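Here the structure is a predicted model, which is why all the values come from computation and not from measurement.
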Amino acid sequence: MAAPRSAKQQLYTDEYFEKGHWLLKIRQTLVAIIGWVCVIVPMVITAWSFYGVETGHVKPFWSYGEGIFEIHFIGVILLFLAAVSLIFTVSMTIIQVRKRDRLVEQWPTYDPINQKARETELEKFMDKRFGDPEFRENVRTYRVTPDKNLDTDEFRRLFEAQHLQQKE
């Protein structure tokens with residue numbers, strides 16, 4: 001027989017954070033520390049050596065010309081990529097601000113009064129064709145008979161007829 005599910009089921013486990021398992025915790029912590037040391041020590045040695053060769057204030061661990069040239073080269077590449085990124089970011093910001101000013105902050109592209117009249121006309125049309133809103137919104141299944149199907153341009157014709165009525 002299966003144990004009953006609790007209201008909050010834990011989908012994963014990690015023995016490192018559970019009580020006990022001290023050997024696992026010690027081993028994983030040591031591996032993490034050794035991993036970070038393997039990342040940080042070469043960076044410190046490289047930076048120390050580069051600073052020592054460039055300024056002469058400290059004794060470098062190494063002073064190979066190729067290594068110094070590569071650090072300069074990587075610096076130039078990173079500077080170039082930062083400049084490209086800055087140009088791209090600034091240009092995209094300018095484009096988006098102009099686009100927002102042009103599109104978002106304009107007056108509405110439709111007449112709100114005319115839009116309300118269209119909505120009212122559309123509601124009347126739907127009531128006449130498919131029944132009152134109470135029925136349409138609460139019915140579970142509804143089959144549309146072929147004579148009640150909407151033509152492709154039915155709404156356009158409805159709005160044109162409404163427009164002609166308003167002119168008269």
Side-chain angles (χ1 to χ4, degrees), residues 1-116 118-119 122-123 126 130 133-144 149-150 152 154-156:
M1 185 168 149
R5 286 186 170 179
S6 64
K8 188 175 180 182
Q9 183 180 7
Q10 188 171 347
L11 300 177
Y12 60 89
T13 59
D14 190 351
E15 293 178 349
Y16 186 87
F17 295 104
E18 292 178 1
K19 290 183 178 179
H21 309 285
W22 287 105
L23 289 177
L24 175 72
K25 290 178 183 181
I26 292 170
R27 184 172 46 100
Q28 285 188 356
T29 302
L30 286 175
V31 168
I33 291 171
I34 291 169
W36 278 109
V37 166
C38 290
V39 169
I40 293 172
V41 167
M43 291 171 61
V44 168
I45 290 174
T46 302
W48 184 277
S49 297
F50 180 73
Y51 180 73
V53 168
E54 290 293 312
T55 63
H57 292 300
V58 294
K59 185 175 186 276
F61 289 98
W62 54 265
S63 59
Y64 303 111
E66 300 88 9
I68 301 302
F69 175 77
E70 285 183 24
I71 292 173
H72 282 289
F73 183 67
I74 289 172
V76 168
I77 288 175
L78 290 176
L79 190 64
F80 172 75
L81 291 176
V84 168
S85 181
L86 178 72
I87 290 169
F88 177 78
T89 304
V90 169
S91 63
M92 287 296 111
T93 301
I94 291 169
I95 289 169
Q96 288 296 1
V97 166
R98 287 184 178 177
K99 187 176 184 179
R100 190 195 70 213
D101 289 342
R102 202 172 52 248
L103 296 176
V104 176
E105 296 179 359
Q106 286 182 349
W107 287 96
T109 56
Y110 63 92
D111 182 9
I113 297 169
N114 189 26
Q115 183 67 22
K116 187 65 178 165
R118 283 183 167 194
E119 287 175 7
L122 195 57
E123 287 173 13
M126 291 298 203
F130 301 108
E134 179 79 24
F135 169 73
R136 289 194 319 259
E137 294 170 5
N138 294 319
V139 70
R140 192 172 195 99
T141 57
Y142 180 75
R143 290 193 195 280
V144 178
N149 280 336
L150 295 173
T152 306
E154 186 107 27
F155 294 141
R156 183 181 54 81

**Student:** For residues Phe135 and Phe130, report the shortest heavy-atom separation together with the two atoms involved.
**Tutor:** CD2-O, 3.7 Å
**Student:** Taking atom CZ of Arg98 as the centre, does the number of heavy atoms from other residues, nucleotides or ligands within less than 6.0 Å exceed 12?
**Tutor:** no
**Student:** Can you name the nearest heavy-atom pair linking Asn149 to Glu154, along with the distance?
**Tutor:** O-OE1, 4.4 Å
**Student:** Indicate the atoms forming the closest heavy-atom contact of Val37 with Pro42, along with that distance.
**Tutor:** O-CD, 3.9 Å
**Student:** Just wondering, are more than 12 heavy atoms of other shown residues or ligands nearer than 6.0 Å to CE in Met43?
**Tutor:** no
**Student:** Short question: side chain of Ser49, backbone of Ile45 - any donor-acceptor pair under 3.5 Å?
**Tutor:** yes
**Student:** Is atom CD1 of Ile26 surrounded by more than 12 heavy atoms (other residues, nucleotides or ligands) closer than 6.0 Å?
**Tutor:** yes
**Student:** Are Leu30 and Arg27 packed together at the side-chain level, in the sense that at least one heavy-atom pair is separated by less than 4.5 angstrom?
**Tutor:** no
**Student:** Could you give the distance from CD1 (Ile71) to CD1 (Ile68), rounded to the nearest 0.5 Å?
**Tutor:** 5.0 Å
**Student:** Checking the side chain of Lys25 only, and the main-chain atoms of Phe17 only, is there a donor and an acceptor separated by less than 3.5 Å?
**Tutor:** no
**Student:** Nearest 0.5 angstrom please: Thr29 OG1 to Trp22 CH2, how far?
**Tutor:** 9.5 Å
**Student:** Take Trp62 and Val53, measure what side chain to side chain contact (heavy atoms under 4.5 Å, CB included) needs, and give me the verdict at the end.
**Tutor:** CA-CA 8 Å; Trp62 54 265; Val53 168; 5.7 Å; no
**Student:** Tell me the closest heavy-atom pair linking Leu150 and Phe155, and the distance in Å.
**Tutor:** CD1-CZ, 3.8 Å
**Student:** Restricting to non-hydrogen atoms, name the atom on Glu15 and the atom on His21 that form the minimum distance, rounded to 0.1 Å.
**Tutor:** O-CD2, 3.4 Å
**Student:** Drop me the distance from Ile33's CD1 to Ile40's CD1, to the nearest 0.5 angstrom.
**Tutor:** 11.0 Å
**Student:** Fit a plane to each ring of Phe61 and Trp48, take the angle between them on a 0 to 90° scale, and name the class: parallel (under 30°), tilted (30 to 60°) or perpendicular (over 60°).
**Tutor:** tilted
**Student:** Sequence neighbours left out, what pairs pass ring-ring contact (aromatic ring centres under 6.0 Å, His included) with at least one residue falling in residues 69-88?
**Tutor:** Phe50-His72
**Student:** Which pairs with one or both residues in residues 86-97 pass side-chain hydrogen bond (donor to acceptor under 3.5 Å, both in side chains), sequence neighbours excluded?
**Tutor:** none
**Student:** Quick check for you: to the nearest 0.5 Å, what is the distance between Lys116 atom NZ and Asn114 atom CG?
**Tutor:** 12.5 Å
**Student:** Tyr51: what forms a ring-ring contact (aromatic ring centres under 6.0 Å, His included) with it, not counting sequence neighbours?
**Tutor:** none
**Student:** Would you check if Leu122 and Arg118 make a side-chain contact, meaning some heavy-atom pair closer than 4.5 Å?
**Tutor:** no
